[in-house]
Amino acid sequence: MASMMQPQIILLKEGTDTSQGKAQLVSNINACTAVGDVVRTTLGPRGMDKLIHDDKGSVTISNDGATIMKLLDIVHPAAKILVDIAKSQDSEVGDGTTTVVLLAAEFLKEAKPFIEDGVHSQNLIRSYRTASTLAIEKVKALAVSIEGKSVEEKRGLLAKCAATTLSSKLISGEKEFFATMVVNAVMAIGDDDRLNLIGIKKVPGGNMRDSFLVDGVAFKKTFSYAGFEQQPKKFLNPKILLLNIELELKSEKENAEIRLSDPSQYQSIVDAEWNIIYDKLDKCVDSGAKVVLSRLAIGDLATQYFADRDIFCAGRVAEEDLNRVAAAAGGTIQTSVNNIIDEVLGTCEIFEEKQVGGERFNIFSGCPSGRTATIVLRGGADQFIEEAERSLHDAIMIVRRAVKNSTVVPGGGAIDMEISKYLRQHSRTIAGKSQLFINSYAKALEVIPRQLCDNAGFDATDVLNKLRQKHAMQSGEGANYGVDINTGGIADSFANFVWEPAVVKINAINAATEAACLILSVDETVKNPKSESAQGDAAGAMGRGRGGGRGRGMRRR
Ligand code: ADP
Ligand code: MG
């Protein structure tokens, strides 16, 4: 009775789930390691793809860390941090997304035994931060600038980078041919970083060597109506009108009802329809445009009308293609034909419709804004061209990165091994426990070359031993050695043009360390029952189940 009289102090709402301490830390680390294990096999040129099947039934096959992380739908609160760093790496530098997740997971994995042994996580965090600063300084010191070279020399170097990427692919036989093409395409779009400005069009049939580059836009001829044959198929310096409207006779079928009392009135209705379309067509013609493109249909009436006036038209142009024409030719897509001023019209040096293999193509070349390029790919089977497209995409990314960030470091795990060695050496100069922690950090960096080997089916222990030996050489001549993905041995990554922009590595190390430290600094998770139910009824019934079933007991483990 007496005890009941005592005032009770209630801090947290009933049902609040808290778990804390070492156990919580270890459980967070385990969750992150599990996430790292998912993406680990996708790293590198021999990485595998993941097929992700989501609850809506759509299937994505991807090799890209950020894409996979996004689609994984991770629910563990700590592991979610890894999704965020992958996303940030993707938006900051566009590559190295698998690397960043893998590094973060490995830093945590190395920290786990220390945590279990009762090391305070703040000590670990401090050492990790020091190690990361040292590592980044080292990357900056090792980075080599390709700036200051002449344009021709730069093209040569870039072509070598592209050729390296292509060497492991299906189209390796023609790698020089395609490498030059890729470099030209990237140079054509300048420093605009919208990837979709480089289009790749696939036309099955013919020979790989029949592939060509258009310094502008090319797309497959769209569906056309009678009258099309009479339209001119080539113009020099035409004005180009881009539309997002339908140029078709509309017969309102379902949603219009007109009551007529006199059959003669019917003609006036028909006339009105015709007047509307003729009015639109006249305005297009008056604008002075010689090429009219629309995202929506251009009907037979309009086609014939344009043909009679020596104008070329194409309807149902894919949005992507229309946007690229707009970017290249300098026009603006119109949603109305009223007040078409000269400024909204684009132009290009040559427009023509040409036969490419079994297809007809509309090709706009010599565009004034020069901000686009299109690669028309030829080749035997569909699957072959598909793979060629993916390969070219990689090569384009490599060249773009090399152009944009002109300092590079050797890839294939070379830079990671070199930093690892540097940190190990440095740690020996430190007294105290910090030495162990920095050593672990250094060991974690080796995950990159190890995983590259594992994914290629090489003996990782063997290769890593060789690499350690090379990097330990006093003369420093082994500093650029990394995994040789073609032979299963080691090779000078720098000489082989396996280059990575320094910014990719710097950002990855920075982000991965921050994420690891963030997770290590969390020792308690408090789950508020109310906020959980407010989190959305999407979890609906599951939420209730979770309260009882999984609640506190499980989480504490
Ligand atoms: P991420 O999403 O991190 O960019 P990738 O699957 O693109 O992952 O793999 C990048 C890694 O592959 C880098 O460490 C890079 O150095 C390495 N790599 C790329 N090409 C080669 C190559 N030809 N030989 C050896 N390693 C390579
Ligand atoms: Mg990559």
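Each ligand, and each atom within it, is numbered from 1 in the order the structure gives.
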Is it true that the side chains of Asn362 and Lys220 contain a donor and an acceptor less than 3.5 Å apart?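 Checked: Asn362/Lys220 side chains show no N/O donor-acceptor pair below 3.5 Å.
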When you check the side-chain N and O atoms of Tyr441 and Thr513, is any donor under 3.5 Å from an acceptor?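 Present: a donor and an acceptor within the cut-off.
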Would [X] count as being in polar contact with ligand 1, using the rule that some N or O on each side must be under 3.5 angstrom apart?
X	result
Gly96	yes
Lys505	no
Gly65	no

Any idea which atoms of ligand 1 are less than 4.0 Å away from a heavy-atom of Gly411?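 In order of number, 16 (O).
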Please could you name the atoms of ligand 1 that Thr99 approaches to less than 4.0 Å, counting only its heavy atoms?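 Listed by number with element, the hits are 1 (P), 3 (O).
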Charged N to carboxylate O below 4.0 Å: is that the case for [X] and [Y]?
X	Y	value
Lys201	Glu359	no
Glu319	Arg324	no
Lys22	Asp117	no
Glu106	Lys443	no

Aromatic ring centroids of Tyr128 and Phe437 under 6.0 Å?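 Ring centres of Phe437 and Tyr128 not closer than 6.0 Å.
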Identity of the nearest option to [atom], non-hydrogen atoms only, from [options]:
atom	options	answer
atom 23 (N) of ligand 1	Val498, Asn496, Thr42, Ile448	Val498
atom 15 (C) of ligand 1	Gln89, Glu500, Gln451	Glu500
atom 17 (C) of ligand 1	Val409, Leu43, Val483, Leu452	Leu452
atom 5 (P) of ligand 1	Gly44, Gly413, Pro410	Gly44

